[in-house]
Amino acid sequence: MSKEFEIAREFEVDATPEQVWDAITTGTGGWLWPMEAPEPREGGRGPFGSTITAWDPPHRYTNRVADVEGIGQQTLNQLDHTIEPREGGRHAWVRYVHSGIFVDDWDNQYDGADKHTDFYLHTLREYLTRFAPRPVAFATLNGPEASTAADAFTVVGRALGLADDTAEGARVQARGPEGRIVDAVVDYRNPYFIGLRTGDALIRFFGRNHWGAPVGISVHDFAPGADAKANEVAWQGWLTEVFA
């Protein structure tokens with residue numbers, strides 16, 4: 001059954017409005033995933049076949065699309081960003097609103113989108129305050145069918161060497177691909193997501209098994225000469241081995 005949804009968040013960040021604008025328009029690989037840059041005008045083309053309905057740098061950016069490409073559960077999607085200066089323009093206040101229509105499995109779709117929003121916006125703030133505007137090598141991958149099990153994300157945390165009660169802010173030596181030790185800070189953790197921040201990367205773990213999908217990993221690597229494909233292969237091997 002089709003039903004509208006709206007997910008709204010507001011936050012302040014230690015970045016200028018211009019830095020936030022760049023991150024949400026051309027720097028999405030640093031915190032979300034690489035996307036087609038929007039055509040810089042109202043009425044222009046945006047990501048995923050959307051149309052730009054508001055374009056006022058660096059204050060307002062909205063895109064809207066009907067019949068979302070590749071997403072059969074959704075017939076309308078709108079992303080609206082409002083950015084205002086704070087502290088004389090040294091900081092920014094951001095209001096983000098994701099709205100549209102889900103046409104299938106509404107409660108599950110909404111719950112997943114709602115919880116992912118918090119994680120993605122947290123990663124945006126991490127990117128803005130620690131890594132922007134460094135170039136990024138982005139990799140993303142999904143686990144095997146076994147990673148859809150109810151306890152799959154608990155398995156992932158333990159495979160990383162994290163105790164069940166390891167909390168945000170903890171410094172850890174996580175177990176990465178091929179036994180490599182990853183010196184990191186746990187910058188985000190709840191039953192659905194784990195974020196590891198190293199000196200050069202944001203490594204994100206998605207417990208999408210909670211919504212019937214495989215566990216996922218994304219790597220935003222800001223190290224000079226970072227190799228996205230090598231990261232993908234390494235972490236894919238790690239995830240496959242975890243669920244072998």
Side-chain angles (χ1 to χ4, degrees), residues 7 28-35 70-74 98 102 104-124 126-127 136-168 170 172-198 201-221 226-244:
I7 299 167
T28 55
W31 59 279
L32 189 58
W33 57 76
M35 285 190 280
I71 304 178
Q73 300 92 344
Q74 197 171 350
H98 180 196
F102 288 135
D104 183 44
D105 196 15
W106 194 93
D107 290 338
N108 190 54
Q109 293 291 327
Y110 179 85
D111 186 62
D114 184 61
K115 289 182 170 63
H116 275 73
T117 293
D118 289 328
F119 191 34
Y120 284 135
L121 293 180
H122 169 82
T123 302
L124 169 61
E126 290 288 288
Y127 166 67
V136 64
F138 174 79
T140 191
L141 53 112
N142 293 316
E145 180 66 22
S147 71
T148 64
D151 66 343
F153 205 58
T154 300
V155 171
V156 166
R158 293 173 180 172
L160 286 167
L162 305 182
D164 291 347
D165 61 353
T166 300
E168 291 178 10
V172 299
Q173 290 192 314
R175 293 194 295 265
E178 300 178 348
R180 176 166 55 91
I181 297 300
V182 180
D183 290 310
V185 172
V186 180
D187 68 273
Y188 196 94
R189 190 174 193 189
N190 63 25
Y192 309 96
F193 307 103
I194 296 171
L196 297 182
R197 185 186 71 241
T198 74
L202 295 168
I203 309 172
R204 325 317 269 167
F205 300 84
F206 299 86
R208 295 187 175 120
N209 57 304
H210 293 285
W211 300 285
V215 167
I217 300 176
S218 291
V219 181
H220 309 265
D221 194 340
D227 187 330
K229 187 61 180 179
N231 286 335
E232 178 187 346
V233 170
W235 282 103
Q236 185 73 71
W238 181 89
L239 197 53
T240 299
E241 183 177 343
V242 166
F243 291 101

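Just so you know, these numbers use all the heavy atoms, side chains as well, and skip hydrogens, waters and symmetry mates.
- Looking at every heavy atom in both residues, Arg189 comes nearest to Asp164 through NH1-O, 3.9 Å.
- In terms of heavy atoms, Pro214 sits closest to Gly143 at CB-O, 3.4 Å.
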Phe119 vs Tyr188, ring pair (Phe, Tyr, Trp, His ring centres under 6.0 Å): CA-CA, chis, key distance, verdict: CA-CA 8 Å; Phe119 191 34; Tyr188 196 94; 4.7 Å; yes
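- Residues Trp33 and Thr140 are not in side-chain contact: their nearest non-hydrogen atoms beyond the backbone lie 4.5 Å or more apart.
- Of all non-hydrogen atoms in Ala113 and Phe102, the two that sit nearest each other are CB-CZ, 4.2 Å.
- No side-chain heavy atom of Pro191 sits under 4.5 Å from any side-chain heavy atom of Phe153.
- The shortest side-chain heavy-atom distance between Val136 and Trp31 does not fall under the 4.5 Å cut-off.
- With a 4.5 Å cut-off on side-chain heavy atoms, Asp118 and Phe193 do not count as touching.
- Side chain of Trp235 to backbone of Ser218: no donor-acceptor contact under 3.5 angstrom is found.
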Determine, step by step, whether Arg175 and Leu160 satisfy the side chain to side chain contact (heavy atoms under 4.5 Å, CB included) criterion, reporting the C-alpha distance in whole Å, the side-chain angles of both residues, the deciding distance to 0.1 Å, and the verdict. CA-CA 5 Å; Arg175 293 194 295 265; Leu160 286 167; 5.8 Å; no
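- One distance of note links CG of Leu202 with CZ of Arg197; it measures 8.0 Å at 0.5 Å rounding.
- The closest donor-acceptor contact from the side chain of Asn209 to the backbone of Ser147 lies at 3.5 Å or more, if one exists at all.
- Under the side chain to side chain donor-acceptor pair (under 3.5 Å) test applied with Asp111, the options Trp211, Trp106, Tyr192 reduce to a single match, Trp211.
- The CG atom of Leu239 sits 6.0 Å away from the CG atom of Leu141 when rounded to the nearest 0.5 Å.
- Within the 4.5 Å cutoff, side-chain heavy atoms of Leu196 are placed close to those of Val186.
- Counting heavy atoms from C-beta on, the side chains of Asp107 and Tyr110 never come closer than 4.5 Å.
- The shortest non-hydrogen separation linking Gly216 to Asn142 is CA-OD1, 3.8 Å.
- When all heavy atoms of Phe138 and Pro34 are compared, the closest pair comes out as CD2-CD, 3.2 Å.
- In this structure, Glu241 CD and Glu178 CD are separated by 9.0 Å, a value rounded to the nearest 0.5 Å.
- A donor-acceptor distance shorter than 3.5 angstrom exists from the side chain of Thr148 to the backbone of Glu145, with no hydrogens or angles considered.
- Contact detail for Ala226 and Asp221: the closest heavy-atom pair is CB-CG, 3.4 Å.
- Rounded to the nearest 0.5 Å, atoms NE2 (His98) and CG (Leu121) are 11.0 Å apart.
- Between Phe206 and Val156 the shortest side-chain heavy-atom distance does not fall below 4.5 Å.
- Looking only at atom types and distance, the side chain of His116 has a donor-acceptor partner in the side chain of Arg208 under 3.5 Å away.
- Within the 4.5 Å cutoff, the side chain of Asp187 has heavy atoms near those of the Arg204 side chain.
- Counting non-hydrogen atoms of neighbouring residues, nucleotides and ligands closer than 6.0 angstrom, the CD atom of Glu168 exceeds 12 such neighbours.
- How far CG of Leu124 is from OG1 of Thr117: 12.0 Å, rounded to the nearest 0.5 Å.
- Between the CG atom in Leu32 and the OG1 atom in Thr123 there is a gap of 9.0 Å [rounded to 0.5 Å].
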